[in-house]
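If you're wondering where the values come from, they're calculated on a predicted model, not measured in any experiment. In what follows, every heavy atom counts, from backbone to side chain, and hydrogens, waters and symmetry copies are set aside.
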Amino acid sequence: AGWRRGSSSAGAAEYLHRSIVPTMHYQKSLPRLPVPKLEDTIRRYLNAQKPLLNDDQFRKTEELAHHFEKGIGRELHEQLVAQDSQNKHTSYITGPWFDMYLKAREPVVFNFNAFMSFNPDPKSEYNDQLIRATNMTVSAIRFMKTFRAGYLEPEVFHLNPEKSDTQIFKKIIRFVPSSLSWFGAYMVNAYPLDMSQYFRLFNSTRLPKLNRDELYTDEKAKHLLVLRRGNFYVFDVLDRDGNMLKPSEIQAHLKYILSDNSPAPAFPLGYLSSENRDTWALLRKNLLDNGNEEALQKVDSAMFCLSLDDFSIKDFVHLSHTMLHGDGANRWYDKSFNLIITKDGTAGVNFEHSWGDGVAVLRFQNEVFKDSTKAPAISPQSQPASVDSSGAVQKLNFKLNDALKAGITKAKQKFDATVESLSLNLIQFHEGGKDLLKQKKVSPDAVAQLAFQMAFLRQYNQTVATYESCSTAAFKHGRTETIRPASIHTKKCSEAFVKELAKHSTEELQKLIVECSKYHGRLTKEAAMGQGFDRHLFSLRYLASSKGTALPDFYQDQAYARLNHNIISTSTLVSPAVQLGGFGPVVSDGFGLGYQVHDDWIGCNVSSYPTRNGKEFLQCICKSLEDIFNVLKGKKIGS
């Protein structure tokens, strides 16, 4: 990549790569997210309710659903479809979904922000805090510059990479106009994905406002925000022409920050971003009125937040706590993301969820990992530039009155109490993974989800509302759709394994697993095609409440509320860059379950509050996986 090296006067690479196909080439012609047929939605909704209700409850819910479908639901659906056809530039879920996130008043940390931690650098001497912080920062800036220049490879899901992920295809498709390019990709079984969220990765933050927060982006800002020991530092990483600072200069500035022995502030501002949003909005107004406007502007507009922690990681549980919430003083949870690097060079990303979904953050992490490990800007032998860092690096000072000090103290107390009550537990199941399951012709994701159902039944003797997120990025402005993994099939299969093993032959148990796998596969395909029911019903409800009329009876059904009280909330991802990911429970009596099905092992990371026992849940998941794998191998299992 000679042009890469020579593309800047600084001599460092300014770009990750230069895609033949412009980044946003497909965006214009992406298909629109379909509004499902109302009767399909009601049918899918009732299928999801069936395993959660007894016969009497189900009859009542069924009656309300059919009544809704024939009456007010039909009217709302027709209005939604009409509204959607007036707004062809976006998707029907975009407005309501942003609103749902931005109107939520709970703290973003624990409740919405998620994390993904990076694998260590394969070359161990590069896992030094300063080296890795410099290399990842440089790679992140390269990503930003590559994206803004339109050089970032478009995000495409290839069903047949031999045909579509080729130079020849790219050379042809770039000459197909944007308004038609999607069809060209579709012809070779490639699905371009929506990239409308990517711009919010950088120079962006979520601003607390009363009743509804705002997303703020300032693409002109050239500085980075660095947090260490709860102190805030900023320095420019781009010059006035938009060229990146030399990596050796970035290294020098970071070294300066890491060796600054300023004490931790008595009232660390970071805690404010962990508060209830209305409380935080009022405190922010106070901050602005108290002469901190310039400092806050620096925080809000910074390219991203780099959090440098002063400790090393002890184990995976400690890693999860560090990346999910940390100490509260050394994070700015409102930033689109915090890149966190600990003393031993362990790295991860904690991201705010309203602006975007896991797919955009994952692409960013994949590119940063690849670039910082394969083409690192500096090596352990590199010397930092001899520049005046004390002039270039500005430490932000905040003027705090008594009300603000009291606000920070209270935020810290709440934060510490929540951390105290939050448990994180992990397991790795090493008796098989994707390879074996595919060989047995069952879906790996279906087996993992079946194990969760089986485990909960074993532990609590019930089937509860379960959520699995599925990206709808194949559509313009798509976000996510819900897969409902708890079904009559998983319930039947779980009961066979947990309660009546003796009654079933191994062959019968295999049949039950296959049945679950087929059904889960269908639900997954439907969700990815925008044919779930959750977002549709959510949008109809949003439309009804925006009219200010009484909420339809359908939505006042206890069963509706229970289905949306997701006790088991799950999300999965597998990537060469990511070691593990996780998030908090979405309800106080729930589990937050991040999982990964690898070729020959399965990893689970579960969060919970005191009303649930996460450790025991994981033991039950392990037992369930063992049983399922044994049955698939044709072994007889004991209870």
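Here the side chain of Lys476 pairs a donor or acceptor atom with the backbone of Lys28 at under 3.5 angstrom. Looking only at distances, no side-chain donor or acceptor of Thr346 sits under 3.5 Å from a matching main-chain atom of Thr342. In terms of modelled atom types and a separation under 3.5 Å, the side chain of Asn350 and the main chain of Asn338 share no donor-acceptor contact. The backbone N or O of Tyr333 sits less than 3.5 Å from a side-chain atom of Asn113, completing a donor-acceptor pair. The closest donor-acceptor contact from the side chain of Ser29 to the backbone of Ser178 lies under 3.5 Å. Although no hydrogens or angles enter the test, the distance criterion places no donor-acceptor pair under 3.5 Å between the side chain of Arg200 and the main chain of Thr217.
Side chains of Asp194 and Ser196: a donor-acceptor N/O pair is present below 3.5 angstrom, by distance only. Side-chain atoms of Gln297 and Tyr216 include a donor-acceptor pair closer than 3.5 Å. A donor-acceptor pair shorter than 3.5 Å can be found between the side chains of Asn366 and Ser575. Side chains of Thr482 and Arg535: a donor on one and an acceptor on the other come within 3.5 Å. Side chains of His25 and Gln27: no donor on one and acceptor on the other come within 3.5 Å. For Glu275 and Ser273, the side-chain atoms include no donor-acceptor pair closer than 3.5 Å.
Within a 6.0 Å radius of NZ in Lys395, other residues, nucleotides and ligands contribute more than 12 heavy atoms. Within 6.0 Å of CE in Met24 there are more than 12 heavy atoms belonging to other residues, nucleotides or ligands. Around atom NZ of Lys222, more than 12 heavy atoms belonging to other residues, nucleotides or ligands sit under 6.0 Å away. Counting heavy-atom neighbours within 6.0 Å of Ile168 CD1, excluding the residue itself, gives a total of 12 or less.
Within the structure, side-chain hydrogen bond (donor to acceptor under 3.5 Å, both in side chains) pairs that include any residue of residues 114-140 comprise Ser139-Asp371 (at least two apart or interchain).
Considering OG of Ser19 and OH of Tyr151, their distance stands at 11.0 Å, rounded to 0.5 Å. Atom OG1 in Thr472 sits 12.0 Å away from atom NE2 in His477 (nearest 0.5 Å). Taken from CD in Glu352 to OG1 in Thr205, the straight-line distance is 8.0 Å, to the nearest 0.5 Å. Atom CG in Leu426 sits 8.0 Å away from atom CD in Gln428 (nearest 0.5 Å).
Residues satisfying the salt bridge (Lys or Arg N to Asp or Glu O under 4.0 Å) test with Asp213, not counting sequence neighbours, are Arg105, Arg206, Arg277. For Arg363, the salt bridge (Lys or Arg N to Asp or Glu O under 4.0 Å) test picks out Glu155, Glu367, with sequence neighbours left out. Phe316 meets the ring pair (Phe, Tyr, Trp, His ring centres under 6.0 Å) test with no other residue; sequence neighbours excluded. Asp99 meets the salt bridge (Lys or Arg N to Asp or Glu O under 4.0 Å) test with Lys103, Arg212; sequence neighbours excluded. With sequence neighbours excluded, the residues satisfying ring pair (Phe, Tyr, Trp, His ring centres under 6.0 Å) with Tyr595 are Phe452.
Proximity of Leu319 to Asp315: side-chain heavy atoms (C-beta onward) are nowhere separated by under 4.5 Å. The closest side-chain heavy-atom distance from Gln449 to Thr570 is below 4.5 Å. Two residues are said to be in side-chain contact when any heavy atoms from C-beta on lie closer than 4.5 Å; Ser471 and Asp357 fail this criterion. Ser320 has its side chain within reach of Phe115: a pair of non-hydrogen atoms, C-beta onward, lies under 4.5 Å apart. Between Pro122 and Pro120, the closest side-chain pair of non-hydrogen atoms is not below 4.5 Å. Val226 places a side-chain heavy atom less than 4.5 Å from the side chain of Leu254. Residues His158 and Asn189 are not in side-chain contact: their nearest non-hydrogen atoms beyond the backbone lie 4.5 Å or more apart.
For the side chain to side chain contact (heavy atoms under 4.5 Å, CB included) with Phe364, the qualifying choice from Leu201, Leu152, Leu339, Val359 is Leu201, the only one to do so. Applying ring pair (Phe, Tyr, Trp, His ring centres under 6.0 Å) to Trp332 and the options Phe304, Phe337, Trp280 leaves one that passes, Trp280.
Cation-pi contact between Lys145 and Tyr15: present, with separation from the ring centre below 6.0 Å and deviation from the ring axis of at most 45°.
In summary, Asp327 and Arg229 do not engage in a salt bridge, as defined by a charged side-chain N under 4.0 Å from a carboxylate O.
Outside the 6.0 Å centre-distance limit, the rings of His353 and Phe583 are not counted as a close aromatic pair. Ring centers of Phe235 and Tyr256: at least 6.0 Å apart, outside the cut-off.
The two residues Trp601 and His430 have their closest heavy-atom pair at CB-ND1, 3.4 Å.
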Inset, instruction - With salt bridge (Lys or Arg N to Asp or Glu O under 4.0 Å) as the test, would you mind laying out the steps for Asp165 and Lys170 before giving the verdict? - result: CA-CA 8 Å; Asp165 204 3; Lys170 290 172 186 176; 3.6 Å; yes

